[in-house]
Amino acid sequence: MPLALLGAYYPGHVTIRLYDTSARQIRDFAPLTPGCVSIYLCGATVQAAPHIGHIRSGLNFDIMRRWFAYRGYDVTFVRNVTDIDDKIIRKAAEQNRPWWSIGYENERAFNDAYAALGCLPPTYEPRATGHITEMVEMMRGLIERGHAYEADGNVYFDVRSLPGYLSLSNQDLDELRQPSEDGETGKRDLRDFAMWKAAKPGEPSWETPWGRGRPGWHLECSAMAHKYLGEEFDIHGGGIDLIFPHHENEIAQAKGFGDAFARYWVHNAWVTMSGEKMSKSLGNSVLVSEMVKKWPPVVLRYYLGTPHYRSTIEYSEESLREAESAYGRIEGFVQRVTELAGHAVEPAAEVPPAFAEAMDDDLGVPQALAIVHTTVRQGNSALAADDKDAAVARLAEVRAMLGVLGLDPLDAQWAGEQAQGEDLRHVVDSLVRLVLDQREGARARKDWATADAIRDQLGQSGLVIEDSPQGPRWSLGSR
């Protein structure tokens with residue numbers, strides 16, 4: 001559904017509830033500015049092409065954004081690009097390529113993946129290397145306030161200087177083990193973390209009052225969130241693996257600088273394989289660029305976007321086939337009613353109340369999707385009863401719900417996929433019609449054995465035959 005059709009409700013009339021990691025409970029959402037919502041999502045670290053685990057986060061927050069827009073909010077959505085990082089530098093050395101070449105190539109791969117799976121573009125998509133000035137300003141302020149110090153050309157955050165440090169991850173400071181990289185010398189306390197790293201030979205660097213160097217991972221997001229969303233904003237998102245150290249250290253820098261920072265912290269769960277987080281380092285990643293060659297992108301969106309964002313997805317071919325079959329049932333209903341109506345049925349102005357209730361409750365997509373499938377079944381019953389008006393009404397509701405989820409088969413995002421296969425479908429349809437005509441002839445002769453044999457043969461070929469008052473119809477079965 002185009003965003004122009006969203007916004008069926010004034011935001012003051014509804015309450016959206018979200019699980020806030022910092023509070024460890026579901027909270028009513030109260031925006032900083034009435035009628036507006038500001039979201040910062042930790043985006044890609046572009047050392048390699050994206051796998052489906054990376055894109056899940058983008059999909060989950062795309063659905064959140066769409067739901068806020070449907071509820072009438074003006075959404076500002078910032079998703080950053082980390083284009084300078086230890087991993088990128090290592091990859092550049094391994095491949096004997098410039099670091100910026102690695103970053104730009106993979107940034108494009110991420111954007112292609114987001115677009116392929118129907119994610120709306122962010123309001124702003126800042127790169128870390130474009131905000132060195134803001135990072136220097138933040139470090140200067142932190143040093144002046146006694147929260148940071150320079151040593152050997154590095155700048156570190158003094159974790160003991162900030163009361164409440166580790167409140168997001170709920171760790172004990174005395175037991176803390178802070179990740180550290182080579183070259184992080186001069187720390188007063190091993191638990192302190194690097195905001196700026198002194199230049200090394202052959203590595204990219206920028207000039208600062210403390211010498212040449214490059215930013216640490218955590219500083220980038222604190223500085224960019226401050227620039228684009230101000231001292232305080234509504235929602236900070238990311239994967240659960242970012243809670244510590246990244247998000248914890250973002251909070252420390254921002255609050256030490258004087259920002260109130262994020263009011264709500266929302267984290268999505270992993271995509272796993274054999275119980276382990278999908279990651280490049282484990283060698284178990286499934287690249288989006290390869291997956292879209294084997295599966296329709298809309299099926300991948302359905303598969304990754306419809307489980308609850310806080311539940312882990314265990315990857316398997318079988319579960320993808322189930323997603324393809326489930327979405328195929330929706331597509332089939334949409335196609336049949338559209339043909340019956342003789343024109344595109346516009347989405348309803350409002351989604352069904354049960355769907356809205358599920359989405360308002362911590363983005364309960366699985367429960368909302370159950371309403372979609374129930375409505376599809378009701379629509380199919382109306383088709384079987386030759387009740388055109390009821391079938392069209394159900395399609396309007398289905399399109400409204402699918403628009404919020406980014407899954408409407410008639411949306412321009414997915415119309416191209418349908419068009420690509422349309423010519424082939426016409427050829428297959430002509431061939432299948434010849435066989436179905438033979439089956440209908442056998443049924444007219446009451447030669448049930450031949451009719452059943454034809455149907456069975458078509459089924460073995462992957463075709464599902466449905467007998468309707470309008471005659472037999474065929475569709476592709478699951479793989």
Side-chain angles (χ1 to χ4, degrees), residues 1-6 39-70 75-83 101-128 130 224 228 237-239 268 271 278 280 285-307 309 313 315 320 323-324 327 330-331 365 399 402-422:
M1 180 189 300
L3 282 184
L5 296 179
L6 301 180
I39 304 171
Y40 186 95
L41 174 64
C42 282
T45 299
V46 288
Q47 85 271 18
H51 56 64
I52 59 174
H54 292 128
I55 300 303
R56 183 191 183 183
S57 180
L59 279 172
N60 288 154
F61 285 91
D62 182 66
I63 292 171
M64 172 191 282
R65 173 195 187 167
R66 288 169 182 263
W67 184 243
F68 272 115
Y70 175 82
V75 182
T76 301
F77 181 65
V78 181
R79 185 184 66 213
N80 76 293
V81 177
T82 297
D83 61 340
S101 173
I102 298 277
Y104 182 62
E105 176 183 283
N106 292 310
E107 180 183 340
R108 292 184 64 183
F110 268 87
N111 283 333
D112 288 346
Y114 289 131
L117 271 61
C119 292
L120 299 170
T123 312
Y124 307 109
E125 191 169 27
R127 294 190 185 103
M224 288 187 284
Y228 291 94
N268 64 278
V271 179
M278 187 173 288
K280 302 184 190 75
S285 59
V286 183
L287 295 181
V288 175
S289 59
E290 294 303 314
M291 294 291 286
V292 295
K293 296 175 183 176
K294 298 188 293 183
W295 303 91
V298 69
V299 169
L300 288 177
R301 182 179 178 97
Y302 185 100
Y303 172 66
L304 294 170
T306 55
Y309 75 90
I313 299 174
Y315 171 80
L320 259 168
E324 182 181 48
Y327 189 72
I330 295 172
E331 275 188 313
V365 175
R399 287 203 66 195
L402 293 178
V404 168
L405 301 176
L407 290 169
D408 182 0
L410 300 182
D411 188 272
Q413 170 73 31
W414 314 119
E417 289 183 29
Q418 294 178 335
Q420 288 175 8
E422 198 62 32

Measure the NE2-CD distance between His51 and Glu290 for me, rounded to the nearest 0.5 Å. 14.5 Å
Please check this pair: side chain of Trp414 against backbone of Gly406, looking for a donor-acceptor N/O pair closer than 3.5 Å. yes
Would you name the heavy atoms of Ile313 and Leu304 that are closest together and state the gap between them? CD1-O, 3.7 Å
Counting distance only, does the side-chain N/O of His54 pair as donor-acceptor with the main-chain N or O of Ser57 below 3.5 Å? no
In Å and rounded to the nearest 0.5 Å, what is the CG to CH2 distance from Leu300 to Trp295? 8.5 Å
Identify the two heavy atoms, one from Leu41 and one from Gly238, that lie closest to each other, and give their separation to 0.1 Å. CD1-N, 3.7 Å
Measuring from atom CG of Leu287 to atom NZ of Lys293, what distance do you get when rounded to the nearest 0.5 angstrom? 9.5 Å
List the residues meeting ring pair (Phe, Tyr, Trp, His ring centres under 6.0 Å) with Tyr104, not counting sequence neighbours, and say none if there are none. none
Side-chain contact test, heavy atoms from C-beta onward, threshold under 4.5 Å: evaluate it for Cys119 versus Leu59 and give yes or no. yes
Within the side chain of Asp83, is there an N or O that forms a donor-acceptor pair under 3.5 Å with the backbone of Ala128? yes
Any chance you could lay out the side chain to side chain contact (heavy atoms under 4.5 Å, CB included) test for Val286 and Val271, step after step, and finish with the verdict? CA-CA 10 Å; Val286 183; Val271 179; over 6 Å; no
Tell me, please, which residues at least two apart from Asn106 pass side-chain contact (heavy atoms from CB on, under 4.5 Å). Val46, Ala49, Ile102
With Phe61, which residues qualify under ring pair (Phe, Tyr, Trp, His ring centres under 6.0 Å), at least two apart? none
List the steps, then state whether side chain to side chain contact (heavy atoms under 4.5 Å, CB included) holds for Ile39 with Met64. CA-CA 10 Å; Ile39 304 171; Met64 172 191 282; 3.9 Å; yes
Distance check, rounded to the nearest 0.5 Å: Thr82 atom OG1 versus Gln47 atom CD? 9.5 Å
On a heavy-atom basis, which atom in Ala113 and which in Val288 lie closest, and how many Å separate them? CB-CG1, 3.7 Å
Which pair of non-hydrogen atoms, one from Tyr302 and one from Ala323, has the smallest distance, and what is that distance? CD2-CB, 3.8 Å
Is any side-chain heavy atom of Asp112 closer than 4.5 Å to one of Ser289? no
Begin with the C-alpha distance, continue with both residues' side-chain angles, and end with the deciding distance and a verdict on side chain to side chain contact (heavy atoms under 4.5 Å, CB included) for Glu107 and Arg127. CA-CA 10 Å; Glu107 180 183 340; Arg127 294 190 185 103; 2.8 Å; yes
Any side-chain heavy atom of Cys42 sitting closer than 4.5 Å to one from Asn80? yes
I'd like to know if the side chain of Tyr70 reaches the main chain of Gly403, judged simply by a donor and an acceptor atom lying under 3.5 Å from each other, with no hydrogens or angles considered. no
Report the C-alpha separation of Arg66 and Leu405 in whole Å, then their side-chain angles, then the decisive distance to 0.1 Å, and conclude whether the side chain to side chain contact (heavy atoms under 4.5 Å, CB included) test is met. CA-CA 7 Å; Arg66 288 169 182 263; Leu405 301 176; over 6 Å; no
Approximate separation, where rounding is to 0.5 Å, of Leu117 CG and Met291 CE: 9.5 Å
For Ala116 and Pro297 the tightest heavy-atom approach is O-CB, 3.2 Å
Min side-chain heavy-atom separation Tyr124-Thr76 under 4.5 Å: yes
How far does CG of Leu120 sit from CD1 of Ile63, to the nearest 0.5 angstrom? 10.5 Å
Side chain Gln413, main chain Leu407, donor-acceptor under 3.5 Å: no
Show every salt bridge (charged side-chain N to carboxylate O under 4.0 Å, His left out) that has at least one partner inside residues 297-306, sequence neighbours left out. Asp62-Arg301
So Tyr309 and Val365, do their side chains get closer than 4.5 Å, heavy atoms only? no
Using the side chain to side chain donor-acceptor pair (under 3.5 Å) criterion, which residues pair with Tyr228? Sequence neighbours excluded. His131
Arg79 charged N/C atom sitting above Phe110 aromatic ring, 6.0 Å / 45°: no
Those residues at least two apart in sequence (or on a different chain) that pass ring pair (Phe, Tyr, Trp, His ring centres under 6.0 Å) with Tyr315 are none
